[in-house]
Amino acid sequence: MSNDQRTVPRALRPGIYAPIPSFFLEQSEELDLQAFEQHVILTATAGVGQVLAGSMGEAIHLARSERITLIRAARRALDAAGLTDRPIIAGIGAGSTRETIELVHDAAEAGADYGIAIISGYFAGAIAGNKKALKAYWKEVSEKSAIPVLVYNYPSASGGINLDSDIITELAKECPNLAGVKLTCGDVGKLTRIATAVSDPSFTSLYPRKHANAPFLVFGGYTDFILPTAMVNGHGAITGLANVAPNAVVKLFKLCKESRADPSLLLEAQRLQGIIAQADATIAKGSIAGTKALLEKLYGYGGKPRRPLPPIETSTAQALWDHPHTQDLVRLEQELSKR
């Protein structure tokens, strides 16, 4: 059933979400749906949520029809595995507000529960300093969307546009169909300010959401500050590293959450955060191609990005795999996956 027909989206909960890569066949660059569905289930069974057609998913390289295909494939795979309650978040960012609205309608019809929208940076020179224009984008998209929408703040992918905490907090208050924000700006102070605002006991009563099971959640965009995020009432992370080591990142999130009630767990949370933060910084340098190379090593699928994004050089991929930070993470993931 499409979510244009559903009255209530599947619940969005705090936790770890992975921006799932889009996999492509070697010669034709057509979608490799077998690898895609396999990876959706691998991450989901580890307790990781799925974000489709985002930056890691090479959304900019996908046709409109391919975005729909991926959402349907993920929903089919999750349902077949008995994971019918797992929500799907679909990337809907586009060059114009009009196209973003078209994409969120497509996503809802295909079975997505949430959209996540990044503003185009093509005209960043005219938009970046225009608070009214910035707010208008997410306000109009969320008002015209059948499903809740998350704000995606990623300056490196939007021409340097970097929303401040005031804008995001105002959007949270003024737009009842907004369900959260992903902060790939890496600004822990910004995350703290937004989380403080939305976790205030009065926020829910003063600014109720359109859907009760779609609260406004505050996610980091990297794994290297999951512990600080938990300590300031943040809600987890949407992070590419969860593709490589889903069990390790989920374990870290759980420890961070539990350590608030049981401080004796804090030392172990700090240990895992250290391993994961080191690996996150190292693996991020390999970008999408590096992550895909690691998936190939670990799980037997990955492949190359779509052109013009270049593949990683063989020697560079091997160096990434051999790096002590990567190997520390791999050992941790293997240890946890056996439990």
Side-chain angles (χ1 to χ4, degrees), residues 15-24 32 35-36 38-51 54-58 154 156-157 184 186 188 219-229 236-256 267-305 309-339:
I16 300 299
Y17 294 77
I20 303 296
S22 299
F23 300 99
F24 306 109
D32 184 347
F36 174 78
Q38 185 177 345
H39 192 62
V40 164
I41 297 306
L42 181 142
T43 52
T45 52
V48 171
Q50 285 67 48
V51 179
S55 303
M56 178 66 72
E58 297 180 61
Y154 186 12
S156 295
T184 311
V188 180
F219 296 105
Y222 299 99
T223 55
D224 54 4
F225 53 94
I226 290 176
L227 179 54
T229 295
I238 301 174
T239 169
L241 198 69
N243 288 296
V244 176
N247 291 284
V249 181
V250 167
K251 178 65 173 179
L252 172 60
F253 173 77
K254 289 180 178 178
L255 274 174
C256 292
L267 282 177
E268 179 63 5
Q270 290 173 328
R271 184 182 77 86
L272 263 61
Q273 179 67 92
I275 294 170
I276 287 171
Q278 295 276 31
D280 199 11
T282 296
I283 293 171
K285 295 172 185 175
S287 191
I288 294 169
T291 294
K292 287 189 167 186
L294 292 178
L295 294 180
E296 194 79 54
K297 283 272 194 182
L298 289 164
Y299 308 120
Y301 55 81
K304 300 175 182 177
L309 192 60
I312 191 170
E313 296 292 337
T314 302
S315 59
T316 305
Q318 188 62 48
L320 180 61
W321 172 256
D322 292 337
H323 197 288
H325 296 161
T326 304
Q327 287 303 306
D328 286 346
L329 180 69
V330 168
R331 282 191 290 272
L332 177 62
E333 177 67 17
Q334 292 174 342
E335 174 190 332
L336 292 170
S337 64
K338 292 176 183 176
R339 293 181 181 177

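In terms of heavy atoms, A46 sits closest to V250 at O-CG2, 3.5 Å. Nearest approach of E296 to G303, heavy atoms of both residues: OE1-N, 2.8 Å. Among all heavy-atom pairs drawn from Q50 and V40, the shortest one is NE2-O, 3.6 Å. Of all non-hydrogen atoms in L336 and A248, the two that sit nearest each other are CD1-CA, 3.5 Å. Scanning both residues, L255 and L272, for their nearest heavy atoms gives CD1-CD2, 3.8 Å. Taking both residues in full, the closest heavy atoms of G290 and I312 are given as CA-CD1, 3.9 Å, listed atom of the first, atom of the second, then distance.
Formation of a donor-acceptor pair under 3.5 Å by the Y299 side chain with backbone atoms of L294 is not found in this model. In this structure a side-chain-to-backbone donor-acceptor pair under 3.5 Å is missing from N243 to A18. Under the 3.5 Å distance criterion, the side-chain polar atoms of T239 are left unmatched by any main-chain donor or acceptor of Y222.
The distance from the CD atom of Q273 to the CD1 atom of I226 is 6.0 Å, given to the nearest 0.5 Å. To the nearest 0.5 Å, atoms CD1 (I276) and CG (L329) are separated by 6.5 Å. Note that the CD1 atom of I288 and the OG atom of S55 stand 7.0 Å from one another [nearest 0.5 Å]. For the atom pair CZ of F253 and OG1 of T223, the computed distance is 13.5 Å after rounding to the nearest 0.5 Å. Atoms CG and CD, from D322 and Q327 in turn, are 6.5 Å apart once rounded to the nearest 0.5 Å. Annotation: the span from T282 atom OG1 to D328 atom CG amounts to 9.5 Å, rounded to 0.5 Å.
Within the 4.5 Å cutoff, the side chain of V48 has no heavy atoms near those of the V249 side chain. Between P246 and E333, some side-chain heavy-atom pair lies under the 4.5 Å cut-off. Between I275 and Q278 there is no side-chain heavy-atom pair separated by less than 4.5 Å. Proximity of Q318 to K297: side-chain heavy atoms (C-beta onward) are separated by under 4.5 Å at one or more points.
The side-chain contact (heavy atoms from CB on, under 4.5 Å) test applied to A35 returns F23, D32, Y301, not counting sequence neighbours.
The stretch residues 271-294 participates, sequence neighbours left out, in these salt bridge (Lys or Arg N to Asp or Glu O under 4.0 Å) pairs: E58-K292, E268-R271.
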